[in-house]
Amino acid sequence: MIEDFAKDDLHGRLRRDREALLWKLDGLSEYDARRPLTATGTNLLGLVKHVATVEARYFGEVFDRPFPEPLPRWQDHDGSDLWAAEDETREQIIGFYQRTWEHSDATIDELPLDAPGHVPWWPQPRPNTNLFAVLVHVLGETVRHTGHADILREGLDGRTGLRPEYEQQIDEEARAAYRAKIEEAARSAAPLRA
């Protein structure tokens, strides 16, 4: 009973956060979806591509259920899953992500939480694992990168939130006042810590 509840709850959260990550691309120009927004090059479309690759690997080869499309070998990781090349379209990357959902969902639906898996890129003694641990791991990766996307999107145009139905009209004056209050608290506390 608890296994079904845990699996359904974790899987539901993964589905929710997948959609939230894609929503962060809505309404953006090609340039804004792709451009590096941090010193390390983090970008919105690259986050989607990366999370898609993570899902394809973890719910594929870890459980001997390879993703049906070619993926670079994990041993050859070169960071190319973190950005969109100029010949890759947004639609291709989103389509790839959505196809990984289908493949991942089939793995999650068909296997019990204690189904054994092997993650060759995890160090000893952890490479032998199970579906529960992988589901928690992939959910954590998805949540982490969706949080990155939320901050990046806020920096682009001020939009924030988990889902469109919770988005509120941006009140620039209220935001500025709130930020100023936090800034003042930080400045006031700084001499206390010096």
K.L.:
Go through W121 and R57 one step at a time and tell me if the side chain to side chain contact (heavy atoms under 4.5 Å, CB included) criterion holds.
P.N.:
CA-CA 11 Å; W121 52 90; R57 288 201 187 297; 3.9 Å; yes

K.L.:
Can you list the steps and then say if L82 with H50 is a side chain to side chain contact (heavy atoms under 4.5 Å, CB included)?
P.N.:
CA-CA 5 Å; L82 295 168; H50 173 69; 3.5 Å; yes

K.L.:
Rounded to the nearest 0.5 Å, what separation is found between the OG1 atom of T107 and the CZ atom of R65?
P.N.:
3.5 Å

K.L.:
Does a side-chain heavy-atom distance below 4.5 Å link N130 with L113?
P.N.:
no

K.L.:
Taking the side chain as every heavy atom from C-beta outward, state whether H145 and V48 have any atom pair closer than 4.5 Å.
P.N.:
no

K.L.:
Heavy atoms only: give me the nearest K49-W83 pair and the separation to one decimal.
P.N.:
NZ-O, 3.0 Å

K.L.:
Grab the two heavy atoms, one from A56 and one from L71, that are nearest each other, plus how far apart they are.
P.N.:
CB-CD1, 3.7 Å

K.L.:
What is the distance from atom CG of N43 to atom NE2 of H148, rounded to the nearest 0.5 Å?
P.N.:
12.5 Å

K.L.:
Check for a donor-acceptor pair, side chain of R144 on one end and backbone N or O of G140 on the other, with a separation under 3.5 Å.
P.N.:
no

K.L.:
Membership question, hydrophobic clusters at under 4.5 Å side-chain separation (ILVMFWY): are L139 and V62 in the same one?
P.N.:
yes

K.L.:
Is it possible for you to say whether V51 and V138 belong to one hydrophobic cluster, with membership spreading through side-chain heavy-atom contacts below 4.5 Å?
P.N.:
no

K.L.:
Measuring from atom CG of L25 to atom CG of D32, what distance do you get when rounded to the nearest 0.5 angstrom?
P.N.:
11.0 Å

K.L.:
If I take atom CD1 from residue I93 and atom CG from residue L47, how far apart are they, to the nearest 0.5 angstrom?
P.N.:
11.0 Å

K.L.:
One thing to verify: whether R175 and D171 come together as a salt bridge, which I'm taking to mean a side-chain N less than 4.0 angstrom from a carboxylate O.
P.N.:
no

K.L.:
With the 4.5 Å side-chain cut-off for hydrophobic clustering, are Y97 and V54 part of the same group?
P.N.:
no

K.L.:
Taking NZ, NE, NH1 and NH2 as the nitrogens, is one of them in R15 or E19 under 4.0 Å from a carboxylate oxygen of the other?
P.N.:
no

K.L.:
For H11, what residues pass the ring pair (Phe, Tyr, Trp, His ring centres under 6.0 Å) criterion, not counting sequence neighbours?
P.N.:
none

K.L.:
Would you name the heavy atoms of P36 and G41 that are closest together and state the gap between them?
P.N.:
CB-CA, 3.6 Å

K.L.:
Do D9 and R13 sit within salt-bridge range, that is, some charged N less than 4.0 Å from a carboxylate O?
P.N.:
yes

K.L.:
Could you tell me the separation between the OG1 atom of T89 and the CD atom of Q92, rounded to the nearest 0.5 Å?
P.N.:
3.5 Å

K.L.:
Indicate if W23 and L44 have the same hydrophobic cluster label, given that clusters are the connected sets of ILVMFWY residues with side-chain heavy-atom separations under 4.5 angstrom.
P.N.:
no

K.L.:
Are L45 and W101 connected, step by step, through hydrophobic side chains (Ile, Leu, Val, Met, Phe, Trp, Tyr) whose heavy atoms are closer than 4.5 Å?
P.N.:
yes

K.L.:
Give a yes or no on this: more than 12 heavy atoms of other residues, nucleotides or ligands lie within 6.0 Å of atom CD of E173.
P.N.:
no

K.L.:
Could you tell me whether the side chain of L10 reaches within less than 4.5 Å of the side chain of F132, counting heavy atoms only?
P.N.:
yes

K.L.:
Find out whether T42 and L37 are in side-chain contact, i.e. whether some heavy atom of one side chain is under 4.5 Å from a heavy atom of the other.
P.N.:
no

K.L.:
Between L21 and A149, what is the shortest heavy-atom contact and its length?
P.N.:
CD1-CB, 3.7 Å

K.L.:
So, R159 and E154, do they make that salt bridge, N to O below 4.0 Å?
P.N.:
no

K.L.:
Given the rule in the side chain to side chain contact (heavy atoms under 4.5 Å, CB included) test, do T129 and H137 qualify, once you have shown the distances and angles that lead to the verdict?
P.N.:
CA-CA 11 Å; T129 189; H137 179 79; over 6 Å; no

K.L.:
Is any side-chain heavy atom of E55 closer than 4.5 Å to one of R18?
P.N.:
yes

K.L.:
Between H103 and F59, is the ring centroid distance below 6.0 Å?
P.N.:
no

K.L.:
Which distance, rounded to the nearest 0.5 Å, do you find between the CG of L14 and the CG of D105?
P.N.:
7.0 Å

K.L.:
Report, one line per pair, each donor and acceptor closer than 3.5 Å where one atom sits in a side chain of residues 179-186; sequence neighbours left out.
P.N.:
{"unit_1": "E183", "atom_1": "OE2", "unit_2": "R187", "atom_2": "NE", "d": "2.9"}
{"unit_1": "E183", "atom_1": "OE2", "unit_2": "R187", "atom_2": "NH2", "d": "3.1"}
{"unit_1": "E184", "atom_1": "OE2", "unit_2": "S188", "atom_2": "OG", "d": "3.0"}

K.L.:
Where do P123 and P127 come nearest, in terms of heavy atoms and distance?
P.N.:
O-CD, 3.3 Å

K.L.:
Could you check, using the six-membered ring where one of them is a Trp, whether F96 and F67 have ring centers closer than 6.0 angstrom?
P.N.:
yes

K.L.:
Any heavy-atom pair between the side chains of L152 and K24 that's under 4.5 Å?
P.N.:
no

K.L.:
Testing the basics here: between A85 and R34, what is the closest heavy-atom pair and its distance to 0.1 Å?
P.N.:
O-NH1, 3.1 Å

K.L.:
Mark yes when over 12 heavy atoms from residues, nucleotides or ligands other than D114 sit less than 6.0 Å from its CG; otherwise mark no.
P.N.:
yes

K.L.:
Does any part of the side chain of R153, heavy atoms only, come nearer than 4.5 Å to the side chain of L28, both counted from C-beta?
P.N.:
yes

